[in-house]
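Here's the structure we're looking at; comments come further down.
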Amino acid sequence: MSKYAANTDHAFLQLPDIQLGIYNCWDAHQTARLVKPLFDELEHLGNLDYVIQTMEPLQTAVIDMQSRGLLLDTRALGTYRDQVRDGIAEADHTILQADPTGELRKRTEKYPNGIGSPKRLGKFLFETLGLKTGKKTKSGIDSTDQESLYRILKNLRKKDEEHRPIIEALFHRSRLRTIYQRYLALETDFDGRVRAQVKMYGTKTMRFSYSKPALQQFPPEARHVFQPANGYTYLQVDYSQLEARILAYLSGDAPSIQVFETSGDVHAQNAADLFMLPLSEVTKAHRLYAKTFLYGISYGGDTETMKTKLFCPCKKCTDLVPPTLKLKRDVIKQTSNRWFQIHHAVPRFQDETAQFVRKHHYYESPLGARRWIAKPWGAELGRELKNLPMQFGGALLMNERQVQLSRLDAPIILQMHDSFLLEVPTPELGDWARTVREVMEAPVDGLNTSIPVDLEFGRNWGDLEKWTESAP
DNA sequence: CCCGTTGGCGCA
DNA sequence: TGCGCCAACGGG
């Protein structure tokens, strides 16, 4: 409950009631006086219509969503927490028993052992075990982050082969620890539901952000701890490749539009183009690469420095980890050139957007609002502007559709950038699936197209299956 | 590459 | 002790 509690210690609150009352009257009065100037300002900035038509009704929609919360399955949480704790203990054991000096096993006030301390861990890896160092941190010590561990593993010398399980355990442990301490320490209200804080103003792109807990970042393997109440079912509805579609239609990128209009898979098509393969020969690894590529390179990423997501390389995870490609620099450069050649409308659009912002100091989204920009001109702003139309546009669309859904009393419990999670009475699942699809797939004004959704349903958040008309 | 939150650490 | 940065997680 602490997150809702006011600071009752504040000296201000010790004043006599009459004084507090007078203060509150002045406060209300001054706030009311600000309404007119605020609306004039919004009008002047070109956002008044959007605020009145979307943000104002969205406030009640968000309050409703926030107060519904997500029901915690305490039994599932209990068993999963034990499982994660055991996993950490097992990894710790693998690492600690390998230290002949015993240095790493020493407990301090801060740490039960030395694994969590980058300094002591580095000493163990690079001095005691004598492993080849990966890279240095800013402050000059040998880094023990995931990327360094990955490099150590990749360049492991023959004589160090016996230490492979230790590096793998470190990798595995890191993820389990994040899950355990950041996502499994959940606070529930009296009714067993978790109610996170939702910020609807404050991000640069009008996306929402969640905290306590950060539900938008909840690791997929931990999501099963949330379940619908008895008699209810989860319904999740996702926009299909939301930003990729916005990019294609805003820039008028004909090849991608063609794929979307024929219900094709744009990431698979990109993979085919990048590697000059027929669609039938595109593997999962190719497709994943193309996806990462699109969200990297096309948003201003550099082929030299672009990092791909790292997956746990340990034996336990080999089956869970998607297949990845390891490409040479020049191959990456070639594929990048090939993509921009086919999608020449994209760099042209990026240029035009940047020129407009440079001249007018705002970006105007065809999806209904302006973003004012006061940042100095430079490479950083340049990259931001390559992303803004998509992320901002996506958020504006989600906001608009959430208002419409809330007018229909759709029981939304979570918004995740491109998707909504609903907790619906089980007998109404089919009705809600059709209603939500209809609202979300309605034509988008500024885009002259509709964006299709994928529907899923299930008995917990981590285990959802595709919904079709024939589903229960 | 972009947008976020969180926990740990180093620095003033 | 507050602040900025990093690293790890998610979404696109």
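Quick caveat, the model's predicted, so the values are computed rather than measured. Order of the sequence lines sets the chain letters (A, B, ...), proteins ahead of strands, with each chain counted from 1.
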What is the distance, rounded to the nearest whole Å, between atom [atom1] of [X] and atom [atom2] of [N]?
| X | N | atom1 | atom2 | value |
| --- | --- | --- | --- | --- |
| M206(A) | dG12(C) | CE | P | 20 Å |
| I451(A) | dG12(C) | CD1 | C1' | 12 Å |
| R182(A) | dG10(C) | CZ | P | 11 Å |
| L421(A) | dG11(C) | CG | P | 13 Å |
| I179(A) | dG7(B) | CD1 | P | 15 Å |
| L288(A) | dG12(C) | CG | C1' | 14 Å |
| Y183(A) | dT5(B) | OH | C1' | 7 Å |
| M200(A) | dG4(B) | CE | C1' | 17 Å |

**Prompt:** NA contact type, Y210(A), heavy-atom cut-off 4.0 Å: base, sugar-phosphate, or nothing?
**Reply:** sugar-phosphate
Of all the nucleotides listed ([options]), which has the minimum atom distance to the side chain of [X]?
| X | options | result |
| --- | --- | --- |
| T178(A) | dG4(B), dT5(B), dC9(C) | dC9(C) |
| D302(A) | dC9(C), dC1(B), dG11(C) | dC1(B) |
| Y299(A) | dA8(C), dT5(B), dG12(C) | dG12(C) |

Quick one: is [X] getting a side-chain N or O under 4.0 Å of the [N] phosphate, OP1 or OP2?
| X | N | result |
| --- | --- | --- |
| K199(A) | dT5(B) | yes |
| R223(A) | dG11(C) | yes |
| R175(A) | dG10(C) | yes |
| S209(A) | dT5(B) | yes |

**Asked** When you look at E168(A) and K315(A), which way does the salt bridge (charged side-chain N to carboxylate O under 4.0 Å, His left out) test go after all the steps?
**Response** CA-CA 8 Å; E168(A) 289 181 351; K315(A) 304 266 180 310; 3.3 Å; yes
**Message:** Could you walk me through whether Y234(A) and L421(A) satisfy the side-chain contact (heavy atoms from CB on, under 4.5 Å) test, starting with their C-alpha distance in whole Å, then the side-chain angles of each, then the deciding distance to 0.1 Å, before giving a yes or no?
**Reply:** CA-CA 7 Å; Y234(A) 277 163; L421(A) 181 67; 4.1 Å; yes
**Message:** With the threshold set at under 4.0 Å for non-hydrogen atoms, list the residues of residues 236-260 of chain A touching DNA chain C in residue-number order.
**Reply:** L242(A), E243(A)
**Request:** Give a yes or no on whether the backbone of T283(A) and the side-chain of H286(A) come within a donor-acceptor separation of less than 3.5 Å.
**Result:** yes
**Message:** For the residue pair N460(A) / H224(A), report whether a side-chain donor-acceptor contact shorter than 3.5 Å exists.
**Reply:** no
**Prompt:** Could a donor-acceptor pair under 3.5 angstrom be found where the side chain of Q216(A) meets the base of dG11(C)?
**Reply:** no
**Fill in**
dist L242(A):CG -> L247(A):CG (nearest 0.5 Å) comes out at 11.5 Å
**Request:** Measure the spacing between OH of Y249(A) and CD1 of I451(A) and express it to the nearest 0.5 Å.
**Result:** 8.5 Å
**Fill in**
Ordered by number, residues from residues 367-398 of chain A within less than 4.0 Å of DNA chain B (heavy atoms) are R383(A), E384(A), N387(A), Q391(A)
**Asked** Yes or no on salt bridge (charged side-chain N to carboxylate O under 4.0 Å, His left out) for R223(A) and D463(A), after CA distance, side-chain angles and deciding distance?
**Response** CA-CA 8 Å; R223(A) 291 183 185 173; D463(A) 185 22; over 6 Å; no
**Message:** Stacking between Y295(A) and dG12(C), defined as ring centres under 5.5 angstrom apart with planes under 30°, is that present or not?
**Reply:** yes
**Request:** Tell me, please, which residues at least two apart from Y362(A) pass ring-ring contact (aromatic ring centres under 6.0 Å, His included).
**Result:** F356(A), H360(A), W372(A)
**Message:** salt bridge (charged side-chain N to carboxylate O under 4.0 Å, His left out) for E384(A) and R371(A)? Distances and angles first, verdict last.
**Reply:** CA-CA 12 Å; E384(A) 207 175 305; R371(A) 165 90 205 166; 6.0 Å; no
**Message:** Check E90(A) with R173(A), please: is the shortest side-chain N to carboxylate O separation under 4.0 Å?
**Reply:** no
